[in-house]
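One structure is given below, encoded as structure tokens.
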Protein chains: 2
Amino acid sequence: MAANASGDGTVGKALDVLDQVAAFGRPVRFAELQAESPFPKATLYRFVQTLTNQGMLSFDRERNTYALGVRLVRLAHAAWEQSSLAPIARDEISRLADDVGETVHLAQMDHAQVLYVDKRDPERPVAMFSQAGKVGPAYCTGVGKAMMAWLDEESLCRIVPQQSFHRFTPKTLTNEIALRKELANIRDRGFAYDDEEHEPGIICVALPILSPRGRVLGALSVTTSTARKSLSELETLVPRIRLCAQSIGTEAEAWRFPDQISKEVRTA
Amino acid sequence: MAANASGDGTVGKALDVLDQVAAFGRPVRFAELQAESPFPKATLYRFVQTLTNQGMLSFDRERNTYALGVRLVRLAHAAWEQSSLAPIARDEISRLADDVGETVHLAQMDHAQVLYVDKRDPERPVAMFSQAGKVGPAYCTGVGKAMMAWLDEESLCRIVPQQSFHRFTPKTLTNEIALRKELANIRDRGFAYDDEEHEPGIICVALPILSPRGRVLGALSVTTSTARKSLSELETLVPRIRLCAQSIGTEAEAWRFPDQISKEVRTA
DNA sequence: TAAAAAGTTCCAATTATTGAAACTTGGTTT
DNA sequence: AAACCAAGTTTCAATAATTGGAACTTTTTA
């Protein structure tokens, strides 16, 4: 809830203000920001002015309120296109969702959290930002556990201590030891479950998306409700999901490093 | 193509770097940025480091490339939710798309450009470059013209000179005089056409979304191809679209200013 | 109408930014 | 294998920006 105190100079502080506005989730008055800001009035005021000038915040002069600006939406579209798996995985995911007839999620790690970058719902197709951009906990979601299970120890040591281990349901893993054990199981098994650990009645199977070299790029999950399917029924879909995950991993490598061919030519 | 030279202190300069990276549309090396940056090496280097620390850029240590970071996607989700019409208009647009059986776009102005914030495609996706977060020209799109037609003169004087007036098709309006005349027609008519002005074979009708007080909040369009429908056929949909636009405008006012009722009560 | 709160500006002390240059690293050529 | 080149990274004193207390103006509340 408190500010980051990121330390990254002026730019870091200004970006903290952005997060603060985002946290409100609604247009916010200057005084409201001031009340819980570590910065003195004049400093915060200049930040807010600068960000507004820059289009990162929008100002409603009738109500004197600030909200996140449209420049962010524009930038995010570019971010989504160039640094997420979503555009690469797009067609693969659609096909997967059609085949399995259940909701498919595509996620990546964002610091210690899970960031959903795409979603395919066979019932009703939805627009991009409504779903993409949402964040969730890593320790109690299928995609989160799938990614962590294949991360190197160094990354895990950063990420695991940042988990809240809040008990959402009776089945939520609520401490590091239980999570570590689960991650080992997942690695052995080759995929992760979410057995109602985040939401009662919601289960999923998830697989990591690995680059050919074995780096964790993201994760893929198929979600359903206990009313529709059992975990063992979900498990039968794993080979199909694995196919999709592998194909995305390969494509991602090719897409991100398209110049390796011309480079080899030069070398020859 | 050149940098903004925004002037807004350190923060503005750093944000310019973000735009620069976005403009590449692919992971970019430090040297590539340096080559066309107004900042000296060390300065640019620190910007890029700061932005990476902050999660606004992501760094691929295997390839030494920078891309837009996932924090942007997260922030944009919040921006989309709190400062765009999209969440308000969501259900209305879905219903409209179902009723008319054609692609529906929801757009807002972003400086002098059109920002598409949502899209609903009932059936086969026609090949077009438009998605949430994408920007387009104002002078040759239905939504752009619809918004401009109801803007105050002051805003127009800012926006119109910034139009490129690039000729996309033989029917594109290519100067301010033609555009001004068209805007007057649109105001009289009550809605805007896009008669293959941006893409050959693509036509649409567009209506502004106005607040009850008459402020331009955005625009709504129904798009099709000349192969499917004629302009006059499209025109028959206008009353239905108008209904949708009005309802969104009313809802938006209520949502953005939910306390105006209690205020009137207090005043009375 | 008065009082209080919110929003805005000012300016000297402070602090961070700046950028030329030196240094390190990784890869390519001789 | 050594030398070379280019890309990436760090250093540090001069410079220029940020900082924040306080005063000021505007808007809201009593």
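Below, chains carry the letters A, B, ... as their sequence lines are ordered, and counting in each starts from 1. Any value given below was found using the heavy atoms of this structure, including those in side chains, with hydrogens, waters and symmetry copies removed.
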Interatomic distance, [X] [atom1] vs [N] [atom2] [rounded to whole Å]:
X: B:Asn64; N: C:dG27; atom1: CG; atom2: P; result: 9 Å
X: A:Phe30; N: C:dT9; atom1: CZ; atom2: C1'; result: 12 Å
X: B:Lys13; N: D:dT18; atom1: NZ; atom2: C1'; result: 12 Å

Given axes from five pairs at either end, by how many degrees does the helix from C:dT1-D:dA30 to C:dT30-D:dA1 bend, rounded to 10°?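 So the angle between the two local helix axes works out to 40°.
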Distance check, rounded to the nearest 0.5 Å: B:Arg90 atom CZ versus B:Asp118 atom CG?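 With rounding to 0.5 Å, CZ (B:Arg90) is 7.5 Å from CG (B:Asp118).
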Kindly state each residue pair satisfying salt bridge (Lys or Arg N to Asp or Glu O under 4.0 Å) with at least one member in residues 151-162 of chain B, sequence neighbours excluded.
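Sorted pair list: B:Glu153-B:Arg180.
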- [ ] Would you please confirm or rule out a distance under 4.0 Å between OP1 or OP2 of D:dA17 and any side-chain N or O of A:Thr10?
- [x]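 The answer is no; no side-chain N or O of A:Thr10 sits under 4.0 Å from OP1 or OP2.
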Any pair counted as ring-ring contact (aromatic ring centres under 6.0 Å, His included), so long as it reaches residues 8-28 of chain B, sequence neighbours left out
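Listed once each, the pairs would be none.
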- Can you name the residues that form a side-chain contact (heavy atoms from CB on, under 4.5 Å) with A:Gln34, not counting sequence neighbours?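 Testing A:Gln34 for side-chain contact (heavy atoms from CB on, under 4.5 Å), a comparison that skips the adjacent residues, returns A:Phe30, A:Lys41, A:Leu44.
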Within the sub-3.5 Å range, which N or O atoms of nucleotides 2-5 of chain C have a protein N or O partner, and how far apart are they?
none

| said: Please pick, from C:dA20, C:dA6, D:dA7, the nucleotide with the shortest atom-to-atom distance to any side-chain atom of B:Ala31. | reply: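 Among C:dA20, C:dA6, D:dA7, the one nearest the side chain of B:Ala31 is D:dA7.
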Which ones in residues 41-48 of chain A lie close to DNA chain C, meaning a heavy atom under 4.0 Å from one of its atoms?
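By residue number: A:Lys41, A:Ala42, A:Tyr45.
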